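The structure appears right after this line, and notes come after that.
Computed from a predicted model, the values in this text were never measured in an experiment. All residue numbers in this chain count up from 1 along the given sequence. Read the numbers this way: they start at 1 and go in the same order the structure lists the ligands and their atoms.
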Amino acid sequence: MIEVKALHKSFHGKSVVTDVSFAVERGEFFGIIGPNGSGKSTLMKMISGVISPDGGEILIAEKPIGSYSRKALARLLAVLEQEALPPVGFRVREVLEMGRFPYQNWLGEEAEDPTPLIDEIVGMLGLAELEDRTLDQLSGGEKQRVALGKSLVQKPMLLLLDEPTTYLDIGYQIQLMDIVRSWQKNTQVTVVAVLHDLNLASLYCDRILMVHKGNQIRVGDPRDILQSSLIEQVYGTRPIVMEHPVHQLPQIILQSGT
Ligand SMILES: Nc1ncnc2c1ncn2[C@@H]1O[C@H](COP(=O)(O)OP(=O)(O)OP(=O)(O)O)[C@@H](O)[C@H]1O
């Protein structure tokens, strides 16, 4: 679904992404982790076509990302980031309807009525009682659910999530990740997610890319990546790594420095 080859990006002469290469299969849940400022968002912006790399290549569905028109790219991929929400005056339902833009003609009409799809997503994300509210009347967590809804309404083949659980309490973090995973099972969407929470990354990702200072450290399954020595090398703190008693996946426990 995605092939990233020898990607490079610099800002003002400073290299921010250096020689990153990986491939993501259709239907895979792929995580990107790394400390603050390690180039994760820059990588996501290149994969979504928002910024161009200085070197290397990105293929999506076997074609260079630059060969897609803006609308074709919007039918192919959706990006979840809170900043992508429209100005605050819009109502939740209107925001979700905007997600259908890539399928509309110049009159704002589309071949099939999107109402059943939007209703399904409203129900799944528990947005029914918020539908008529404007965005300024929502909490950070509610806005995050609306942003996810707008991405899903797009029915993308590729869903890019940049720190999707920011602003969410633990209950909503799990709820959001579960919704994405069950949606993925139903639609075979490919998910690429930047995650700060290594335990969530371990529970939900098939494979994880770890980056540090713009460099690719390792790509592997959660067991390959969540190792205390590797985490210490990259994050500068050595956690205890244990197996989750139910899911049999690695989980980290932080240790205080004193
Ligand atoms: N438009 C830009 N101009 C100049 N420098 C930039 C720009 N965008 C990002 N950077 C720099 O590139 C580096 C990587 O930033 P990026 O946002 O990709 O990191 P990140 O891993 O997503 O960080 P975080 O976890 O803190 O969100 C940082 O040093 C940042 O200051």
Mark whether atom 31 (O) of ligand 1 lies under 4.0 angstrom from at least one protein heavy atom.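 No; the ligand atom in question lacks any protein heavy-atom contact below 4.0 Å.
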
Do protein heavy atoms approach atom 14 (C) of ligand 1 to less than 4.0 Å?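 Protein heavy atom within 4.0 Å of atom 14 (C) of ligand 1: present.
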
Among all protein heavy atoms, pick out the one at the shortest distance from atom 27 (O) of ligand 1; state its residue, atom name and that distance to 0.1 Å.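 Its nearest protein heavy-atom neighbour is Glu163 OE2, 3.4 Å.
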
Name the closest protein heavy atom to atom 10 (N) of ligand 1, giving the residue it belongs to and the distance to 0.1 Å.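 Protein heavy atom at minimum distance: Phe11 CD1, 3.5 Å.
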
Under a 4.5 Å side-chain heavy-atom rule over Ile, Leu, Val, Met, Phe, Trp and Tyr, are Ile58 and Leu159 clustered together?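 No, Ile58 does not connect to Leu159 through the hydrophobic network.
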
Indicate, with yes or no, if Ile252 and Met210 share a hydrophobic cluster defined by side-chain heavy-atom contacts under 4.5 Å among Ile, Leu, Val, Met, Phe, Trp and Tyr.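 They do share one cluster, since a chain of ILVMFWY contacts under 4.5 Å joins Met210 to Ile252.
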
Measure the distances from the heavy atoms of [X] to every atom of ligand 1 and state whether one is below 4.0 angstrom.
X: Gly34; result: no
X: Lys45; result: no
X: Met44; result: no

Which of the numbered atoms in ligand 1 are below 4.0 angstrom from a heavy atom of [X]?
X: Ser41; answer: 17 (O), 18 (O), 20 (P), 22 (O)
X: His196; answer: 25 (O)
X: Pro35; answer: 21 (O)

Would you say Tyr172's side chain and Gln144's backbone share a donor-acceptor pair under 3.5 angstrom?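 Not confirmed, Tyr172 side chain does not pair with Gln144 backbone.
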
Okay, side chain of Glu3, backbone of Glu62: is any donor-acceptor separation there less than 3.5 Å?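 No: the side chain of Glu3 does not pair with the backbone of Glu62.
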
Part of Asn36 with heavy atoms under 4.0 Å of ligand 1, whether side chain, backbone, both or neither: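 Answer for Asn36: both.
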
I need the single residue from Ile33, Ile217, Leu230 that forms a side chain to side chain contact (heavy atoms under 4.5 Å, CB included) with His212. Which is it?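 Passing option: Ile217.
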
Decide if atom CD of Gln137 counts as having more than 12 heavy atoms of other residues, nucleotides or ligands within a radius under 6.0 Å.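 Above 12, so yes.
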
Hey, does the Lys NZ or Arg CZ of Arg181 hover above the aromatic six-ring of Phe29, less than 6.0 Å from the centre and inside 45° of the axis?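 No, Arg181 does not sit over the ring of Phe29.
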
